[in-house]
Number of protein chains: 2
Amino acid sequence: MSPQQRSATVAERLREKSGELTAAERKLMATLFANYPMAGLVSITEFARVAEVSTPSVLRLAKKLGFAGFPSFQEELRTELSAQLQNPISKHDRWAADAPDAHILNRFASAALENLSGSLKLLDHRAFDATVGLLADRKRRIHVAGGRITQAIASYLVTHLQMARPGVSLLPATHSFWPQYLLDIGKQDVLLMFDIRRYDARMLEFAASAEVRGARIVLITDQWISPIARLAVHTLPLRIEAPSSWDSNIVPLFVAEALVAATVNANWRETEARINELESLSETGRRNK
Amino acid sequence: MSPQQRSATVAERLREKSGELTAAERKLMATLFANYPMAGLVSITEFARVAEVSTPSVLRLAKKLGFAGFPSFQEELRTELSAQLQNPISKHDRWAADAPDAHILNRFASAALENLSGSLKLLDHRAFDATVGLLADRKRRIHVAGGRITQAIASYLVTHLQMARPGVSLLPATHSFWPQYLLDIGKQDVLLMFDIRRYDARMLEFAASAEVRGARIVLITDQWISPIARLAVHTLPLRIEAPSSWDSNIVPLFVAEALVAATVNANWRETEARINELESLSETGRRNK
DNA sequence: TACAATCTGAAATTATCGCTTCACACACCG
DNA sequence: CGGTGTGTGAAGCGATAATTTCAGATTGTA
C-alpha cells in the first residue's frame with residue numbers, strides 16, 4: 001500500500017497530534033481508544049457525556065484533527081470501520097494495527113502471552129495463596145531479594161508492599177552489605193527471593209544462611225527452577241522466554257503485582273487505613289487530583 | 001423492560017420477517033445487508049436516501065422489527081457491532097488449572113491481556129521504531145527517568161540498555177541530585193521518561209529543563225497521557241489498569257523489554273561484541289570470587 | 001502579584017433528525 | 001366502475017444534535 005498522507009485514519013491523526021492536545025481532548029482520546037471506533041459513533045452529546053467533557057470540547061477536537069465538524073469526523077470513523085469490516089479482522093485488530101506480524105512488538109506480545117498462560121498452568125495456585133498468607137501476616141517481617149537483573153522487580157514489589165503493610169525491606173544490591181543485613185532476619189520472617197536463570201551462587205548462600213536463622217523462604221524462579229527451591233517453603237516457577245538476548249521479566253512482575261493485590265485483599269481493613277494515611281501524607285505537598 | 005427482550009440480532013429478525021415485508025421494506029433490507037451493519041448506522045434520512053425509499057418507510061420497518069423507533073434500532077446495530085469487534089482474546093481458555101475464574105491470578109491475567117492488546121492498538125509502531133532509532137544511535141547519550149513507582153521499570157531498562165550500548169544512565173530517585181544531573185544532559189542526548197498517572201510535577205519540570213538544553217524527550221505514559229507529551233518528540237501511551245489498588249506496570253515493562261530487543265537488533269554487530277566482552281568479564285569475576 | 005494567554009463548559013443559537021400526519025397511488029374486489 | 005384496503009412519500013412539527021458565543025477558570029509569565 002502506498003503511503004497516502006491524506007487518508008490518515010482518525011487514530012493516526014490523534015496520535016500525531018497527541019502532543020498538542022489539551023486535558024479535555026486527551027480525555028476524549030482515551031475514551032475513543034478505549035472502544036475504538038465505536039465510542040465515537042454516538043451523538044456528540046453522548047460522546048461528551050461518556051468522556052466527561054462538554055460538547056464544545058468534542059467539536060474543538062474534531063476541528064483540530066482537520067474535520068469540518070463532528071459529522072465529518074464521525075463519517076470518517078464509519079468509513080474506516082466499513083473498510084476494516086470488509087477484510088477478515090481476526091488478529092490484525094488484536095495486535096499493533098498496520099505493523100507487520102514480524103514486528104518486534106508483535107513477536108514480543110506473542111511471547112508474553114505464551115509465557116503468561118504457560119506460567120499459570122505451571123504454577124500451583126495453592127502455593128500462591130499460601131505465599132499471600134505469609135505476606136499478609138503482620139507479625140512477620142518481609143525481606144525481598146533479587147539478583148542482578150531481578151533486583152528491579154524486587155524493588156518494585158517492595159515499593160508496593162511497603163504501601164500495604166509495615167516491616168518490608170529490600171536486600172541491598174551490594175553484596176558486601178549482606179552479612180549485616182542477615183542480622184536483621186529472624187525466626188518467622190519471610191524471605192521472598194527472585195532467582196532466575198544464571199542462578200546467582202551468592203543468592204543461594206544467602207538463602208542458606210537465612211534458612212538457618214529460621215526464615216521462611218519463598219522462591220520465584222523460572223521453569224528450570226533455581227537450586228534455592230530446596231530451601232524454600234513455596235516455589236513459584238514461571239516461564240520467561242523472549243525473542244531477545246535476555247529473558248523476559250514480564251511474568252515475574254505479573255506475579256509481584258498479583259501478590260501485592262492479593263495481600264491487600266487479604267487484610268483490607270488494616271491496609272485501607274494505611275493507604276489512606278499515606279494518601280493524606282502525600283497530599284500535604286501536592287495540590288489536586 | 002422493552003418488549004423486544006429476546007436477543008435476536010437485527011439480521012435474524014429481518015430474515016424471520018422477510019415474508020411479510022413490503023416493497024420499500026425489502027429495498028431497505030437489501031441495502032442493509034449489502035453493507036451490514038454499517039449501512040444502518042447513518043441518519044434515517046441518509047439510510048432512506050441510499051435505499052431510495054422515504055424516511056417513514058424506514059421507521060415503519062424499525063417498528064415492524066419490534067423497535068420503539070429508529071434510534072433504538074440503530075442502538076441495537078451498534079451493540080451487535082461492538083460485541084463483534086470485541087477481541088476474541090477475552091474468551092481465554094482456562095488459565096490457572098483448577099483455580100476458579102475469580103481467583104486473583106486469573107483476574108490479573110485477564111487485565112494484563114486487555115492492557116497488552118489495548119496498548120498495542122493505542123501505540124504508534126512508527127513512534128516505537130523512531131525511539132529505537134534514537135536508542136541505537138551511539139553518538140547520543142541515553143538518560144532514563146522514572147517516577148516513584150516507575151523508577152524500578154526505568155532501572156530495569158537501564159540495566160539492559162547498559163549491556164547493549166555505552167552511555168546509558170539512570171536519573172537518581174533523589175530529587176536533590178537532579179540539578180547536577182541536568183548538567184550532564186547535552187544537545188542530542190535522549191531522555192526517556194516513564195510518567196504514569198499521578199503525574200509528577202517535578203518530572204515535568206525536569207523534562208522542561210532537559211528540553212531547553214536540547215535533549216530529545218521520549219515519553220512512556222498511560223492512556224491519559226502525561227503533560228510531558230507536549231515536550232516529547234515521541235510519546236508511547238499505554239494501558240495500565242489492574243484489579244488492584246494500584247496500576248499495573250506490566251505493559252511499561254513489556255515496552256521496555258521490546259525497546260531493548262529492538263535496539264540490540266538495530267545494531268547487532270557492535271552489540272554482539274559488547275555482550276561477548278561482558279560475558280568474559282563476568283566469567284572472570286565469578287572465578288575470582 | 002498582576003497580566004496575558006489559553007482552556008473550558010453553560011447557555012444560546014442554528015441545523016438536522018426522527019417522527020406524525022395525511023393525501024395520493026395502486027392494487028384487488030364486488 | 002366505484003369501494004376498500006394497503007403501501008408510499010411529501011410536508012411539517014417538535015425534539016434533539018451540532019455549533020457558536022462568551023464569561024469564568026486555569027495556567028504560564030513577567
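First the proteins, then the strands, lettered A, B, ... as listed; each starts at 1.
Whole-Å rounding puts the Glu25(A) CD to dT6(C) P distance at 14 Å. In this structure, Glu75(B) places its CD atom 13 Å from P of dG18(C), rounding to the nearest Å. Taking atom CG of residue Leu28(A) and atom P of nucleotide dT8(C), one finds them 10 Å apart after rounding to whole Å. In this structure, Phe47(A) atom CZ and dT19(D) atom C1' are separated by 17 Å, rounded to whole Å. The CG-P distance, from Leu21(B) to dT8(D), rounds to 10 Å in whole Å. Glu46(A) has its CD atom 9 Å from the P atom of dA17(D), to the nearest Å. One interatomic measurement links the two molecules: CG of Leu61(A) to C1' of dG9(C), which rounds to 16 Å at whole-angstrom precision. Regarding Arg49(A), its CZ atom lies at a distance of 14 Å from the P atom of dA10(C), rounded to whole Å.
Two residues, Val53(B) and Gln74(A), neighbour DNA chain D, and the one matched to the more 5' nucleotide by heavy-atom proximity is Val53(B). If you find the closest nucleotide of DNA chain D to Leu204(B) and to Glu52(B), the one lying nearer the 5' end belongs to Glu52(B). Residue Arg230(B) is the one, among Arg230(B) and Thr55(A), whose nearest nucleotide of DNA chain C lies closer to the 5' end (criterion: closest heavy atom).
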Let's go through Glu241(B) and Arg239(B) carefully: what are the C-alpha distance in whole Å and the side-chain angles of both, what is the deciding distance for salt bridge (Lys or Arg N to Asp or Glu O under 4.0 Å) to 0.1 Å, and is it a yes or a no?
CA-CA 6 Å; Glu241(B) 285 139 307; Arg239(B) 300 187 62 120; 3.3 Å; yes
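One finds no side-chain N or O of Lys63(B) lying less than 4.0 angstrom from the OP1 or OP2 phosphate oxygen of dG18(C). Residue Thr22(A) has no polar side-chain atom (N or O) positioned under 4.0 Å from OP1 or OP2 of dC7(C).
Of the candidates dG9(C), dT8(D), dA18(D), dG9(C) carries the atom nearest the Ala24(A) side chain, counting heavy atoms from C-beta on. In the set dT20(C), dG18(C), dG9(D), the nucleotide with an atom closest to the side chain of Arg60(B) is dG9(D). In this structure, of dA18(D), dG9(D), dT19(D), it is dT19(D) that holds the atom nearest to the side chain of Leu59(A). If you check dT19(D), dT8(C), dG18(C) against the side chain of Ser57(A), the one that comes closest is dT8(C). Taking only side-chain atoms of Ile44(A), from C-beta outward, the nucleotide of dT8(D), dA18(D), dC19(C) with the closest atom is dA18(D).
Using a 4.0 Å heavy-atom distance criterion, Val58(A) is classed as making no nucleic acid contact. As judged by a 4.0 angstrom heavy-atom cut-off over every strand, Lys27(B) is placed among residues making no nucleic acid contact. At a threshold of 4.0 angstrom between heavy atoms, the contacts of Ala48(B) with the nucleic acid are absent.
In summary, the side chains of Tyr156(A) and Glu257(A) do present a donor paired with an acceptor at a separation below 3.5 Å, with no hydrogens or angles considered. Using modelled atom types, one finds no donor on one side chain facing an acceptor on the other under 3.5 Å when comparing Ser82(B) with Thr79(B).
The residue from Ile250(B), Leu157(B), Leu236(B), Val260(B) that alone fulfils the side-chain contact (heavy atoms from CB on, under 4.5 Å) condition with Val255(B) is Leu236(B).
Looking at every heavy atom in both residues, Ile185(B) comes nearest to Ala215(B) through CG2-CB, 3.7 Å.
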